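Just so we're clear, the structure is a prediction, and the values are computed from it rather than from any experiment. Order of the sequence lines fixes the chain letters, A, B, ..., with proteins taken first and strands second; residue numbering starts at 1 for each chain.
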Protein chains: 2
Amino acid sequence: MVRSRSGGRPTLEEVAARAGVGRGTVSRVINGSPRVSDATRAAVEAAVAELGYVPNTAARALAANRTDAIALVVPEPETRFFAEPYFSDMLKGVGAELSDTEMQLLLIFAGSDRERQRLAQYLAAHRVDGVLLVSVHADDPLPDLLAQLEIPAVISGPRSAQETLTSVDSDNYGGARSAVEHLLARGRRRIAHITGRLDVYGAQRRIDGYREALRDAGHAVDEDLIEPGDFTEEGGRRAMTELLARCPDLDAVFAASDVTAAGARQVLREAGRRTPEDVALVGYDDSAIARHMEPPLTSVRQPIEEMGRRMIDLLLTEIADRRPAVSRGLERRQVVLATELVERTSS
Amino acid sequence: MVRSRSGGRPTLEEVAARAGVGRGTVSRVINGSPRVSDATRAAVEAAVAELGYVPNTAARALAANRTDAIALVVPEPETRFFAEPYFSDMLKGVGAELSDTEMQLLLIFAGSDRERQRLAQYLAAHRVDGVLLVSVHADDPLPDLLAQLEIPAVISGPRSAQETLTSVDSDNYGGARSAVEHLLARGRRRIAHITGRLDVYGAQRRIDGYREALRDAGHAVDEDLIEPGDFTEEGGRRAMTELLARCPDLDAVFAASDVTAAGARQVLREAGRRTPEDVALVGYDDSAIARHMEPPLTSVRQPIEEMGRRMIDLLLTEIADRRPAVSRGLERRQVVLATELVERTSS
DNA sequence: ATCACTTGTGGGAGCGCTCCCACGGTACCT
DNA sequence: AGGTACCGTGGGAGCGCTCCCACAAGTGAT
C-alpha cells in the first residue's frame, strides 16, 4: 500500500490514472457494475489495492444523494434501553442482518423533548436513508413526520390495526391465546389478566387473545379479572393487589410482561399464595428475569432477534425500491412472527 | 415553511436568492461567523426560516473535509456492553456533553474479528472526526491504527504509564489505597487482594495502591495474599478458593471489581465465613450489584459519567486544534479523576 | 485630498464522487 | 457491402457546500 503523492487519500481519479482507465470505469468496478470486462476489472482492483484506495463517503453521498446509513430510533431514555433485554436482542438481530451490507447503523435516543427536537432536525437533513422505529406509542407523531419527509421506515409493533407504515410484529394475539389455553389445560378456571399499557396496540391484542381463548373454550369472560397494568413491576404489584381484593378466588394470572409478573409474584407471596399450587403464573417476553424467578416463570417468547432481522430486510427493500422508479406499489407490508410458550414451573 | 419550487430541499443558493444576498454571506450566517452585519444576518435568518432550509451534510463534509461525527468504539461484543453499567454510565456522560453540539455520536462495536475489519475500513475512510476508545487492553492495535491515520482519539484508561494518546482515567491507585486504608482503619490486618486482568493498566495501578497503602502503614506485603483475577464473577470464585486454601487466616478481601467481590462472597459463605464479622469485603465500581448484595458491599466509586464528559471535552479540543494549524504542541494530556469510597455494611 | 486599513460582501474554484451521453469496436443481420 | 444492435469505455456536468480572493465602502491618520 503506497501513499498517494499528494499526501492525502487517493482519489478515484488517481486510481484511474494508475490503472490506465477512465474515471467512470473505476466507479463501475467499485460499485460492482457487471458492464466491465474481466481484464479491466482486474487492473482496477490491483490499482485500488496498491494505492489503498477507500471511497470518500461524503462525495458519494453528495453525488448519489444517499447516505448508506440507517437509524434505529428509540423513543425512550437511555436508561430503559439498557434495562430492557428487548432492545439488546433487537439490536443483535439488526446488527447481524446488517453485517454483510455497506449500511451503517446509527442508534438514536429520543427520550426527552430536546432529543426529539434534534432528531427532527436530523431527519429533515436526510442524514439517513431509512429509519427503524421501535416501541412507539399510539399517539407518537414520529411516524407522520417520517411519512411527510418521505423517508422509508419500518415500525416494530404497529400503532393500530390501520397502521400505514411497514411493520414487523410478533403474534400478540396468538401468544396470549397460547398462555391462556395452557392455563386452561392445567385445570385453571379463574384466570386473571394484568394488561400492558392500553395505548400500546400489542397490549390490546393480548387482551383480545385472552378473551377469545376463554370464549372459545366455552368460558364466560369475567371483566373483574382484567386489570390494567403498564408493563412495569410496580404496575404489576398494584394490579395484583387490586385483583386479590376483588377476586380472592382467582387461581391463575396471565401478565403482559415478565417484570409485571415479577411484581405480581411479590404481592402473591406476601398474601400467602403459593405459586403454582394456589395461583399459577404466566408472563410475557421470556426475558432473563423469567429464568431467574423463584419459581422459574412460564412465559411467552417473542422472536425479537428475528424481528430485528426482518425489519432490516424490509427496510432495505423499501430503500432499494425507492431509488430508481417511484414504484408506489403501496401494498401495506405487515409481517407477523409466531410466538412460543416456554413452560417452566410457575404454572 | 414553504417548499422550494424545485421540489427537493432548498439549497444555500436558494436561500441567498431569497434573502437578496450572496452564497458566501448565507454560509457565514449558517456557520455563525461574526463578520456579518446585523441587518443582513436577520434577512438571511428569515429566509432560512421561510424555506425551512437545512444544510446538506454531505456537501458540507465534502467541501470542508470534516464529518461532524465522532465514534465511541467499544472493543467488546454487544452483550458485555449491555451487561455492564460501566458503558451505560459512560454513554450518559458522553451524550450529555455532546447534546449542545452539532456533533453526532456513533456507537461502534468491535468485538469480533469481522467487526474489527469493518471498523478499520471505516476509520480509513475517515468517516468520523474523532474517536473515543473505552476499555482497551494493553496489546490492542487500535490506538496505533488511529495514530497512523492521524485521527484524534481519547482513550479511557491508558494502556500503560507511557500512553501516548490523550487519556481520561479514574485514580485507580488512589481508589485502591482508600479501600485498603479503610480496612486497616477497621482493624483488619490480613487483607487479601483479588486483582483485575493483569494486562489492564488500571488493574496494575490498583495493585500498586494496595501494596503502598500497606507499606505506608508499616505493614509488610505478603505476596501470598495477592491472587490474580479477571474482573469476572467466576474469576472471583476461583481466586477466593485459592486464597482460603493458602491463607485461611485472612480477615479482609479487596476485590478489583464488584462482580469479583460477589464471586468471592459466595465462596466465603460456602466456607462458613461471615461478612463482615469474619472477613470484611470491599469491591470496586460501585455498580448496582454492590447495593443489592447481601450484605450491601462497600465499594470504590469511579465517576464514570464525569469521565465520559471529560473525554468528549478533550476530544473536541483536539479536533478543533487540528483544524487550521498543525499545533503539534504534543503535550501529553492525561486527566485523572478522583474516586470515592462508598461505605456499606460489608466492611 | 491621499493613503492605509478595516469591514462586509459576492462569487469563482474546487472538494470527490455518480450519472449519463457519446463514441469506437465487434457481431450479427439483411 | 451496408445497416442495426449492443457492448465496454471515457469523460463532461453537476451534486451543495466551504474557502478564499477580490472589491466596494467606510474610517481615520497624514
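Judged by atom type and distance alone, Arg23(A) reaches the base of dT18(C) through a side-chain donor-acceptor pair under 3.5 Å. If you check distances only, the side chain of Arg41(B) never reaches the base of dG8(C) with a donor-acceptor pair under 3.5 Å. On a pure distance criterion of 3.5 Å, a polar donor-acceptor pair joins the side chain of Arg28(B) and the base of dG10(C).
In this structure, Arg60(B) reaches the sugar-phosphate backbone alone: every heavy-atom distance under 4.0 Å involves primed, P, OP1 or OP2 atoms, never a base. Counting any heavy atom pair closer than 4.0 Å across all strands shown, Asn31(B) reaches sugar-phosphate atoms only and no base atom.
In this structure the side chain of Glu78(B) never reaches within 4.5 angstrom of the side chain of Ser88(A), judged on heavy atoms.
Comparing Val36(B) and Ala63(B) along DNA chain C, the residue whose closest nucleotide (by nearest heavy atom) sits nearer the 5' end is Val36(B). Mapping Leu62(B) and Gly20(B) onto DNA chain C by nearest heavy atom places Gly20(B) at the nucleotide closer to the 5' end. Toward the 5′ end of DNA chain D lies the nearest nucleotide of Pro34(A), the other residue of the pair Pro34(A) and Gly24(B) mapping further downstream.
Residue Ser37(B) places at least one side-chain N or O under 4.0 Å from the OP1 or OP2 atom of dT9(C). For dT18(D), one of the phosphate oxygens OP1 or OP2 lies less than 4.0 angstrom from a side-chain nitrogen or oxygen of Ser27(B). In this model, the phosphate group of dT9(C) is not approached by any side-chain N or O of Thr25(B) to a distance below 4.0 Å at OP1 or OP2.
Regarding Arg9(B), its CZ atom lies at a distance of 9 Å from the C1' atom of dG16(D), rounded to whole Å. Remark: C1' of dT9(D) and CG of Asp38(A) are 15 Å apart, rounded to the nearest angstrom.
You'll find that the side chain of Leu12(A) is closest to dC17(C), out of dT7(C), dT9(D), dC17(C). Nearest nucleotide to the Val21(A) side chain, out of dG10(D), dC17(C), dG8(C): dG10(D).
Between Phe109(A) and Phe81(A), the ring planes are perpendicular. Angles over 60° get that label, and only those under 30° would be called parallel.
Partner of Ser167(B) under the side-chain hydrogen bond (donor to acceptor under 3.5 Å, both in side chains) criterion, out of Gln334(B), Arg159(B), Arg333(B): Gln334(B) alone.
Under a 3.5 Å cut-off, the side chain of Thr101(B) and the backbone N or O of Met103(B) do not form any donor-acceptor pair.
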Mind running side-chain hydrogen bond (donor to acceptor under 3.5 Å, both in side chains) on Ser156(B) and Tyr86(B) for me, showing each step along the way?
CA-CA 11 Å; Ser156(B) 91; Tyr86(B) 180 90; 3.2 Å; yes
